[in-house]
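Data block below; observations after.
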Amino acid sequence: MISRRMQKMVAGNSVIRAMFEEGLKMARQYGPENVFDFSLGNPNVPAPEEFKNAIIKILQDVPPVKVHGYMPNGGFPSVREKIAASLNKRFGTNFNSENIIMTVGAAGGLNIILKTLLNPGDEVITFAPFFGEYRNYVANFEGELVVVPPNTINFQPDLVAFEKLIRPQTKAVIINSPNNPTGVVYSEETVKRLSSILEEKQREFSSSIYLISDEPYRELVYGGTEVPYLTKYYRNTLVGYSYSKSLSIPGERLGYVAVPSEIDDYEQVWSALAVANRILGFVNAPSLVQLAVAECLDAKTDIAYYGRNRDTLYEGLTKLKFQCVKPEGAFYLFMKTPMEDDNAFAQAAKKFNILVVPGSAFGCPGYVRIAYCVSYETVVNSLPKFAELAASCGL
Ligand code: PLP
């Protein structure tokens, strides 16, 4: 018999993953060109050439013991040093290798942070809509996820509601910008207000409240939108980054956590993160990929590719009278469902071979998420199907 805790987690298994499996089944049944699978954030842009070339060169030039061996739990110091230097250049930070810990993607990063910070019953606040896996990550360490209801006017966080939810047992706040599922980038004004609320609450409760900035989509922005670098606004910030989307290598599982020296209990937090990497069974982030990524820190994904998908989809859907939030970043479009029940709408879409994820999975019913990190043909060919769907909903 599996554990009670896992019984719950299996029962609430990711809607997104379930959709993905269904998409594969439908592709076999109807042919892949006839299925419009917008369910998963699996980047369609290939990984940059630099990444492949770096791997080949490393395998040819670097001794196998170094490439394939164990290393410090925090990752190769040389790789961390390069990442720190790159962040310093881009964001004016003051990092060195002791401020970067290599992780198994953003998911691994969030889990080691939460393992490091949470006692049972501690609260972690996040803002709806949010990446649904946060629920599981927080539950992994017996924390409680507290959700600030969505601000459906512009999907910036509702900071008035937020302030009221902060309590002495609030240990951390997770924010994600550019946001999955809305594509919204939190403005500098939002970041400043959020930071000053947290500063004030830390003073009021004489506590440390850590801000966890989950930012796998930092590089994916349109029209030069600025994404504020959080450590500059709030001292107790930990940044969780991932190369999954920026280099299109989600299966390779690489990211890092940036831990500024200025945070409360820096030494302890740093050591605990490294130990958490080990005892959660990651041990260290994948070695070959660390070495390869260090050689292509300036490589960029083809943002124009996603931009064209975004524009075509947004224009196509709004023409059909669907109400959509225009994404400023990431590769997701959040669309209001013409019927109240987003699950029923996602089911209705399936009849037209369109797969989208109900907003309920992100704590925001009444919407669906459309992941447009697919081929341009998929976007273009889906529009007549969306037109049929719109008509069937009386739009
Ligand atoms: N956080 C957010 C907001 C995400 O959208 C994802 C993946 O889609 C992750 C974390 C996990 O990313 P990774 O594949 O790097 O673990």
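Remember, it's 1-based here, ligands and their atoms both numbered in the order they're listed.
Close N/O approach between A107 and ligand 1 is found [any backbone or side-chain N/O within under 3.5 Å]. Any N or O atom pair closer than 3.5 Å counts here, and D214 shares at least one such pair with ligand 1.
Ion pairing between a basic and an acidic side chain is recognised when a charged N comes within 4.0 Å of a carboxylate O; E142 and R5 show such pairing. Between K201 and E204, at least one side-chain N (NZ, or NE/NH1/NH2) sits under 4.0 Å from a carboxylate O, which counts as a salt bridge. Salt bridge annotation for E144-R167: absent, with no cationic side-chain nitrogen under 4.0 angstrom from a carboxylate oxygen. In summary, E49 and K52 engage in a salt bridge, as defined by a charged side-chain N under 4.0 Å from a carboxylate O. Between E219 and K245 there is no salt bridge, since none of the side-chain N atoms of the basic residue sits less than 4.0 Å from a carboxylate O of the acidic one.
At a heavy-atom distance under 4.0 Å, atoms from both the backbone and the side chain of A106 approach ligand 1. Contacts with ligand 1 closer than 4.0 Å are made by side-chain heavy atoms of R253 only, the backbone lying farther away. Of the heavy atoms in Y217, only side-chain atoms (C-beta onward) come closer than 4.0 Å to ligand 1.
Nearest protein heavy-atom neighbour of atom 6 (C) of ligand 1: F131 CZ, 3.5 Å. For atom 15 (O) of ligand 1, the closest non-hydrogen atom of the protein is S242 OG, 2.6 Å.
For the pair P216 and ligand 1, a heavy-atom separation below 4.0 Å is found. Within the structure, ligand 1 has K245 among the residues with a heavy atom less than 4.0 angstrom away.
With values rounded to the nearest 0.5 angstrom, L194 atom CG is found 10.5 Å from E199 atom CD.
Ring-plane geometry between Y137 and Y134 is classed as tilted, the angle between the planes lying from 30 to 60 degrees on a 0 to 90 degree scale.
Heavy-atom proximity to G105, at under 4.0 Å, picks out these atoms of ligand 1: 15 (O), 16 (O). Near N176, the atoms of ligand 1 lying under 4.0 angstrom from a non-hydrogen atom of the residue are 3 (C). Close contacts of ligand 1 with S244, meaning ligand atoms under 4.0 Å from a residue heavy atom, involve 13 (P), 14 (O), 15 (O).
Side-chain N/O atoms of D264 and N236 include a donor and acceptor closer than 3.5 Å.
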